[in-house]
Amino acid sequence: MTRHRRHVLVVGNGMAGARLAEEIRHRDPDAERFAVTVVGEEPHAAYNRVLLSTVVAGGISPRDTRLKPDGWWAARHIDVLAGSRVAAVDADARTATLDTDGTERVVTWDELVLATGSTSFVPPTEGLYAGSPGPATPLADGVVAFRTVDDCGRIVEAAESASTAVVLGGGLLGLEAARGLLARGVDVTVVHPQDFPMDRQLDADGGAVLSRVVRGLGARLVLGRLVVGRHAPVDGVSAHVVLDDGTILAADLVVVATGVRPRTDLAVATGLDVDRGIVVDDRLATSFPHLHAIGECAQHRGEVPGLVQPGWDQARVLADVLTGADPDATYEGTSVLTRLKAPDIDLASMGTVDVDVHDPGHEVLAFTDPTRGRYAKLVLRQDRLVGAILLGVGDAAGALTQLYDTGSVVPRDRLSLMLGRAITRSGATEAVNLAEMPGAAVICRCNTVTKSAIVGAFRAGAETVGAVAEATRATTGCGSCKGAVDGLCSWLRSSEPAPTPTASPISSTPEPVPAAAALTEGAA
Ligand SMILES: Cc1cc2nc3c(=O)[nH]c(=O)nc-3n(C[C@H](O)[C@H](O)[C@H](O)COP(=O)(O)OP(=O)(O)OC[C@H]3O[C@@H](n4cnc5c(N)ncnc54)[C@H](O)[C@@H]3O)c2cc1C
């Protein structure tokens, strides 16, 4: 008797949607129980959006960002429709209307997952749009938002002829864009409306140190100001922007990095509950049966994630629920860490940081060294690290991040803690103990690779950072975990018998990505 295969239709071939398809196949490898279709508006195979800043900086090409090699999806019976948009959903009939270059067709589904991500928010400032401001209006020539691989291509192309650029927004993306443009020889000014950059992740003291670091790299930073107009070149006057105090800044290129908005248009049209994002419960269910949402479009317990890790955690839980691998699985939230990906700015921010040093409910440790661009703030509650800002503190950042991730009790000697070192019984200091770190500790944040996965890969023969990267994808995101992976490999080499190359990895993390491959698969 042939069993009915349930059809999961995933709307959005971004980081969460692609990961969900992969997670479902992991639980149904022969596609016996589930047909999976991923529909993506972008005309590309799924790629790692996190790496786009590195593309702007010239470290890698767009081809290197592709999540899987050609043929990977088809070989796993995952139907990828790139260059197609889901234009409408009928929740009662369980159908969706797909629009591919103006040609519509209707498909049926059993479970539908919205993974529509976000779009860049571009303020309705004079001169930024090619027409009257609105989501459907293209941006003016010389103005680029920073969200997709195509945006990235536009920035890189414009940087070839631009000698000046103004970046709107001094958040994570704005600073990464600025760093990339500086590396391409462009004279860059970042305009940010608050008193210090990355104000959502830093406090005023940390922000002041970061400002100094950014300026030291050669970027101009204009704080507490807004751009009120942008003017294209005309009659011998170069392109420029005007600030709210009348200042004029030359701007052959304007990069907009003023935040994102969850893409909820389809959910609204379908009649789902939508607040800031599509409202979901702990099982990632929306307000309609058989309709789910994950990633940046979803609002869970009031939070809309702006980072990739929550979307990937949600994909894992939803795959468990949909396939029945763990029908009771729930998503409880993700403790996120923000890391600035610029080779010469080592900055991480995690948890609760906006706490005064004298707050009675917390213990706050702070270290400020503006001259050398260093700042550390640790927020403790009940002897556990619940938040930190770590700027320019090198090796200590890795150890402190592990303490935060694992919720371990911190060393009693707070000075040693600031240095990322623990006191042993003998009184000597040592790096936070790799042996005692739990297997579930996340070493690579971008790819959610745990210590267990790395140990498994090592035992299967991956003894170097490069080999671990190939086996688990650890270090292939922002690359900031390279030191930790190297440390783990050294520790394993010294504490384990020689690995048996034939042993199979115990990792359940997704498969490796080739270093360079064309970003073409699935193109319409
Ligand atoms: C330059 C840059 C750097 C970043 N750096 C980091 C970082 O260091 N760390 C981090 O954690 N996060 C980072 N992020 C954020 C991270 O990329 C996002 O959190 C992540 O991509 C969200 O995944 P998602 O699948 O929810 O959305 P997306 O990756 O945006 O995917 C959504 C997809 O759905 C498609 N879509 C939307 N509507 C439809 C429709 N109706 N039909 C078909 N397709 C549709 C969209 O075209 C898009 O391709 C960065 C983002 C950018 C832009």
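Positions are given from 1, in the same order as the sequence printed here. Worth knowing before you read on, the calculation uses all heavy atoms, side chains too, and leaves out hydrogens, waters and symmetry mates. For ligands, and for the atoms within them, numbers begin at 1 and follow the listed sequence.
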Nitrogen or oxygen atoms of Arg339 and ligand 1 under 3.5 Å apart: no

The side chain to side chain donor-acceptor pair (under 3.5 Å) partner of His300 among Thr334, Asp282, Asp281 is Asp282

Nearest heavy-atom approach of Tyr129 to Gly134 is CE2-O, 3.3 Å

Here the pair of heavy atoms bringing Tyr47 nearest to Thr148 is OH-CA, 3.4 Å

Numbered in order shown, the ligand 1 atoms found under 4.0 Å of a heavy atom of Ala115 are 32 (C), 33 (C), 34 (O)

With heavy atoms and a 4.0 Å threshold, my read on which part of Arg263 contacts ligand 1 is side chain

Nearest heavy-atom approach of Arg147 to Leu52 is O-CD1, 3.4 Å

- Message: Walk me through whether Thr164 and Asp252 qualify under side chain to side chain contact (heavy atoms under 4.5 Å, CB included).
- Response: CA-CA 5 Å; Thr164 55; Asp252 299 329; 3.3 Å; yes

Q.
For the 3.5 Å polar cut-off, considering only N or O atoms, please tell me whether Ile294 and ligand 1 meet it.
A. no

So for Val336 against ligand 1, with non-hydrogen atoms under 4.0 Å, the contacting part is neither

Note: ligand 1 atoms sitting under 4.0 Å from heavy atoms of Gly117 are 26 (O), 27 (O), 30 (O), 32 (C)

Here the pair of heavy atoms bringing Gly387 nearest to Val353 is C-CG1, 4.4 Å

One finds that the ligand 1 atoms under 4.0 Å from a non-hydrogen atom of Gly306 are 15 (C), 19 (O)

Would one find an N or O of Glu41, backbone or side chain, under 3.5 Å from an N or O of ligand 1? yes

Consider ligand 1: state whether an atom of it lies below 4.0 angstrom from any non-hydrogen atom of Gly311. no

Per-atom filter on ligand 1: closer than 4.0 angstrom to a heavy atom of Leu307 are 9 (N), 10 (C), 11 (O), 12 (N), 19 (O)

* Might you work through the side chain to side chain contact (heavy atoms under 4.5 Å, CB included) test for Arg374 and Leu391, ending with a clear yes or no? => CA-CA 5 Å; Arg374 296 190 294 177; Leu391 173 57; over 6 Å; no

| query | Taking distance alone, with no angle check, do Met15 and ligand 1 share an N/O pair under 3.5 Å? | reply | yes

*Might you work through the salt bridge (charged side-chain N to carboxylate O under 4.0 Å, His left out) test for Arg49 and Glu42, ending with a clear yes or no?*
CA-CA 12 Å; Arg49 207 174 291 285; Glu42 293 185 64; 2.9 Å; yes

Note: ligand 1 atoms sitting under 4.0 Å from heavy atoms of Phe146 are 1 (C), 53 (C)

Of Val86, Val10, Thr148, Thr334, the residue with the heavy atom nearest atom 41 (N) of ligand 1 is Val86

Any Ala177 heavy atom less than 4.0 Å to ligand 1 = no

Near Thr116 (heavy-atom distance under 4.0 Å), the atoms of ligand 1 are 32 (C), 34 (O), 37 (C), 38 (N), 39 (C)

Hey, mind stepping through Arg301 and Glu332 against salt bridge (charged side-chain N to carboxylate O under 4.0 Å, His left out) and telling me if it holds? CA-CA 9 Å; Arg301 297 189 187 178; Glu332 310 279 336; 3.0 Å; yes

Atom 14 (N) of ligand 1: of Thr338, Val50, Asn13, the nearest heavy atom sits on Val50

Closest non-hydrogen contact found for Val254 with Leu168 is CG1-CD1, 3.7 Å

One finds that the ligand 1 atoms under 4.0 Å from a non-hydrogen atom of Glu42 are 47 (O), 48 (C), 49 (O)

Ligand 1 atoms nearer than 4.0 angstrom to some heavy atom of Ser84 are 43 (C)

Shortest non-hydrogen pair, Ala177 vs Val56, comes out as O-CG1, 4.2 Å

### Query
Between Leu52 and ligand 1, is there a nitrogen or oxygen pair with a distance under 3.5 Å?
no

dist Leu340:CG -> Leu347:CG (nearest 0.5 Å) comes out at 5.5 Å

Candidates Gln309, Lys341, Arg147; heavy atom nearest atom 5 (N) of ligand 1 found on Lys341

